Amino acid sequence: MRDIQDAADVLWPVYEKTSKRDGYVSLEVSPYLARDTKGTLDEARRLWKLVGRDNVMIKVPGTTEGIPAFQQLISEGVNINVTLLFSQKTYEAVAEAYIAGLERFAAGGGDVSRVASVASFFISRIDSAH
């Protein structure tokens with residue numbers, strides 16, 4: 001955990017200079033939780049709190065079980081890097097979950113400008129122009 005915190009600290013000037021658009025470090029929940037919504041939520045919250053850095057993103061799988069966890073975490077103001085995206089359909093579900101999560105966060109008085117997310121899409125999986 002200390003390595004992640006140190007990396008986030010080293011990248012903090014980039015985070016500030018780019019107005020929170022760059023300078024993030026990602027840390028993933030266990031891949032064994034990819035099919036466990038509650039387990040993903042619990043682990044992502046634990047990691048977010050333990051690291052305690054605004055320029056950290058918690059990696060959450062874009063599985064059927066991971067997408068509701070992603071939406072909930074965004075609604076709590078947790079920065080998320082959604083991984084394991086292999087189809088356009090899944091990407092669309094992630095985009096909808098992101099918007100819904102931000103709307104809930106804003107409705108609760110949260111500052112959406114401080115929430116960041118990345119969708120790590122494996123473009124080679126859908127690219128048919130070889």
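Predicted model only: the values in this text are computed from it and were never measured. Scope of the values below: all heavy atoms of this structure, side chains included, with no hydrogens, waters or symmetry mates.
- At least one donor-acceptor pair closer than 3.5 Å links the side chain of Ser117 to the backbone N or O of Ile80.
- Checking side-chain atoms of Asn79 against main-chain N and O of Asp54 turns up a donor-acceptor pair under 3.5 Å.
- Atom CZ of Arg45 sits about 10.5 Å away from atom OG1 of Thr40, to the nearest 0.5 Å.
- Between the CG atom in Leu11 and the CG atom in Asp6 there is a gap of 11.0 Å [rounded to 0.5 Å].
- With values rounded to the nearest 0.5 angstrom, Asp3 atom CG is found 9.5 Å from Gln5 atom CD.
- Using modelled atom types, one side-chain atom of Thr18 and one backbone atom of Val14 make a donor-acceptor pair closer than 3.5 Å.
- The hydrophobic cluster containing Tyr32, built from Ile/Leu/Val/Met/Phe/Trp/Tyr side-chain heavy atoms closer than 4.5 Å, comprises no other residue.
- The residues Glu92 and Lys89 are annotated as not salt-bridged, no charged nitrogen and carboxylate oxygen being separated by less than 4.0 angstrom.
- Taking 4.5 Å as the limit, every side-chain heavy atom of Ile74 sits out of range of all side-chain heavy atoms of Phe105.
- Cluster membership for Leu33 and Val51, using ILVMFWY side-chain heavy atoms within less than 4.5 angstrom, is not shared.
- Residues satisfying the side-chain hydrogen bond (donor to acceptor under 3.5 Å, both in side chains) test with Ser120, not counting sequence neighbours, are Asn81.
- Judged by distance alone, the side chains of Glu76 and Gln72 do bring a donor and an acceptor atom under 3.5 Å apart.
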Below 3.5 Å, can you tabulate the donor-acceptor pairs from side chains in residues 56-70 to any protein atom, sequence neighbours excluded?
from: Thr63; atom 1: OG1; to: Ala34; atom 2: O; distance (Å): 2.6
from: Thr63; atom 1: OG1; to: Gly66; atom 2: N; distance (Å): 2.9
from: Glu65; atom 1: OE1; to: Arg35; atom 2: NH1; distance (Å): 3.1

